[in-house]
Amino acid sequence: MIEDARVLRAGFVPREVEHRDPEVNHLSSVLEPITRGEPADTALLTGPSGAGKTCIAKFTVDRLRQRHLDVEYQYVNCWQNHSHYRAAYRVLEGLGRTVDIHRQSTPRDELTERLRDYAGSPVVVVLDEVDQLDDKRLLYDLHAMPQFSMVLIANREEELFAGMDERVTSRLTGGERIRFDRYALDELVSILEARARWGLEPDAIHRAELERIADAAAGDARVAISVLRTAARHARDDGADRITEENVSSAVPEARAEVHRKSLDSLTSHQRALYEVIEARGEVEPADLYAAYRERVDDPKSDRTVRNYLQKMAQYDLVVAEGTSRDRVYRLPERLAAV
DNA sequence: GCTCCACGGGAAGGATAGGCTT
DNA sequence: AAGCCTATCCTTCCCGTGGAGC
């Protein structure tokens with residue numbers, strides 16, 4: 001049934017990519033000066049999740065490194081490393097320059113110095129989910145160092161620049177922008193087809209089922225591959241030699257539920273209380289929500305902290321905040337209709 | 001227009017953790 | 001071993017901004 005589970009995992013970078021030639025070529029040309037020993041412009045990749053931004057960034061840099069020995073590369077996910085310290089540390093880690101920095105109390109400037117002193121091969125730093133970085137000075141610092149070239153990845157450009165001061169934005173607005181759109185249905189199908197070809201036994205899944213998955217994924221390749229993985233696991237557990245319509249049907253909500261459950265697990269009891277209030281009321285105005293929350297917990301946090309929680313929860317897609325001012329209401333996100 | 005409400009940036013402060021110095 | 005230092009993380013307070021509704 002499953003021949004190579006790796007290709008069904010999130011984060012797998014295929015040897016060939018589909019439907020993204022213009023983006024690959026654009027990014028390659030932006031990075032091209034590095035091969036001549038010159039610093040490249042900063043590239044900014046934007047687009048919805050599952051549109052292939054991370055995959056294309058990794059693929060393109062890999063390809064560049066295959067052709068040119070003297071290019072280093074470091075990938076940093078800013079969602080997981082959102083502080084200045086952690087992100088800078090990760091960059092150094094990729095260069096093997098952290099040997100004697102194990103302690104947590106290294107002054108921040110020392111990390112920056114360490115980066116500045118780096119005199120090896122040019123480095124491409126891919127900063128994924130860069131809008132999550134809470135101190136954007138790292139971008140400014142790296143920009144000023146010619147040995148580093150940056151590929152920034154964010155869902156939306158506006159949100160990225162929202163939290164930056166003038167100094168940083170003026171440097172970055174000159175960079176190259178590469179936009180990604182959601183995959184069309186037939187594009188997703190051929191992506192899934194390729195994964196099935198590499199990862200599953202021949203004939204393990206038929207085109208009708210692939211189309212079904214692509215349809216449910218609504219243009220998001222990450223979701224599509226996750227559904228394929230779940231369906232393949234179901235079929236394997238059944239001892240079947242092929243993924244059935246039934247496997248796909250049950251995999252769609254399960255893959256979605258899994259993401260949701262993981263997010264819920266990561267909430268604190270206060271955040272969970274907020275979630276439960278919103279769940280119970282359906283749609284609730286801020287003042288009511290704050291009051292109901294204060295009723296519900298022993299030692300309530302301030303409204304400001306609650307707003308921080310809600311913002312975080314919105315980023316995890318656990319709640320939706322509608323309206324920007326007095327019209328603000330909170331509700332749970334609408335689940336896509338079952339397939 | 002004016003008022004009100006809510007948002008969210010920023011600064012400040014406390015808790016906590018780990019390395020370094022004495 | 002104790003105390004100091006510097007970092008992160010979390011929380012709170014203050015307050016400017018801006019849209020909605022009157």
Side-chain angles (χ1 to χ4, degrees), chain A residues 76-93 97-117 127 129-142 154-170 172 263-275 277-278 281-333:
Chain A
V76 181
N77 184 320
C78 299
W79 181 281
Q80 280 140 28
N81 305 278
H82 53 88
S83 71
H84 182 284
Y85 180 84
R86 292 271 284 278
Y89 187 92
R90 290 277 294 151
V91 176
L92 282 166
E93 197 174 48
R97 296 304 161 103
T98 53
V99 245
D100 54 343
I101 318 181
H102 295 302
R103 58 187 201 276
Q104 211 172 36
S105 53
T106 306
R108 163 157 74 200
D109 292 345
E110 192 180 327
L111 288 177
T112 310
E113 279 310 306
R114 220 45 98 84
L115 288 168
R116 193 168 286 132
D117 291 347
L127 294 167
E129 309 202 51
V130 67
D131 48 315
Q132 294 299 316
L133 204 57
D134 37 45
D135 188 345
K136 306 287 197 300
R137 263 179 300 173
L138 179 65
L139 305 182
Y140 182 80
D141 289 343
L142 284 176
N155 283 7
R156 289 154 49 83
E157 191 175 311
E158 307 85 76
E159 279 157 28
L160 173 59
F161 288 122
M164 289 194 203
D165 68 43
E166 276 306 302
R167 274 190 325 157
V168 187
T169 40
S170 60
L172 296 178
S263 309
L264 278 181
D265 283 348
S266 69
L267 297 183
T268 66
S269 61
H270 289 268
Q271 292 163 339
R272 186 177 298 270
L274 284 166
Y275 181 85
V277 171
I278 298 169
R281 306 245 179 144
E283 194 172 274
V284 56
E285 291 171 13
D288 294 345
L289 174 58
Y290 299 156
Y293 157 78
R294 280 194 297 271
E295 284 291 304
R296 206 181 180 98
V297 299
D298 287 338
D299 191 12
K301 312 285 188 185
S302 71
D303 291 358
R304 182 68 187 86
T305 298
V306 166
R307 283 200 288 276
N308 283 342
Y309 289 165
L310 289 166
Q311 203 173 40
K312 199 80 193 163
M313 290 160 73
Q315 285 177 352
Y316 278 105
D317 285 328
L318 286 171
V319 302
V320 174
E322 262 174 347
T324 57
S325 176
R326 294 186 65 177
D327 57 340
R328 170 62 64 94
V329 290
Y330 293 99
R331 59 174 177 78
L332 298 190

Give the rounded distance in Å between these two atoms: [atom1] of [X] and [atom2] of [N].
| X | N | atom1 | atom2 | result |
| --- | --- | --- | --- | --- |
| A:Q132 | C:dC9 | CD | P | 13 Å |
| A:H84 | C:dC9 | NE2 | C1' | 17 Å |
| A:N81 | C:dC9 | CG | C1' | 15 Å |
| A:R86 | C:dC9 | CZ | C1' | 10 Å |
| A:L133 | C:dT8 | CG | P | 12 Å |
| A:N308 | B:dC7 | CG | C1' | 11 Å |
| A:Q80 | C:dC9 | CD | C1' | 17 Å |
| A:L310 | C:dC10 | CG | P | 16 Å |

Exercise for review: Not counting sequence neighbours, list each pair that qualifies as a side chain to side chain donor-acceptor pair (under 3.5 Å) and has a residue in residues 306-315 of chain A.
Suggested key: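 Applying side chain to side chain donor-acceptor pair (under 3.5 Å) to every pair that reaches into residues 306-315 of chain A, excluding sequence neighbours, yields A:R304-A:N308.
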
Could you give the distance from [atom1] ([X]) to [atom2] ([Y]), rounded to the nearest 0.5 Å?
| X | Y | atom1 | atom2 | result |
| --- | --- | --- | --- | --- |
| A:Q132 | A:L127 | CD | CG | 12.5 Å |
| A:Y290 | A:L274 | OH | CG | 9.0 Å |
| A:R328 | A:E285 | CZ | CD | 12.0 Å |
| A:D317 | A:L332 | CG | CG | 12.0 Å |

Do [X] and [Y] have side chains that get closer than 4.5 Å, going by heavy atoms?
| X | Y | answer |
| --- | --- | --- |
| A:Y330 | A:R281 | no |
| A:D141 | A:L115 | no |
| A:L318 | A:R272 | no |
| A:L289 | A:L310 | yes |

Exercise for review: Could you identify which residues of residues 289-302 of chain A place a heavy atom less than 4.0 Å from some atom of DNA chain C, listed by residue number, or say none?
Suggested key: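 Those residues are A:K301, A:S302.
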
Check your understanding: Within the structure, does a side-chain N or O atom of A:Y309 lie under 4.0 Å from either OP1 or OP2 of C:dC10?
Key ->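 Indeed not, no polar side-chain atom of A:Y309 lies that close.
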
Review point. Any side-chain N or O of A:Q311 less than 4.0 Å from the OP1 or OP2 oxygen of B:dC7?
Key: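 Checking A:Q311 against B:dC7: no side-chain N or O falls below 4.0 Å of OP1 or OP2.
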
Exercise for review: Sugar-phosphate atoms are those with a prime plus P, OP1 and OP2; base atoms are the rest. Using that split, label each nucleotide of nucleotides 14-20 of chain C B, S or - for protein heavy atoms under 4.0 Å, 5' to 3'.
Suggested key: B---BBB

Check your understanding: What does A:A287 touch in the nucleic acid at a heavy-atom separation under 4.0 angstrom: a base, only the sugar-phosphate, or nothing?
Key ->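 If one applies the 4.0 Å heavy-atom cut-off, A:A287 turns out to touch the sugar-phosphate alone, with no base involved.
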
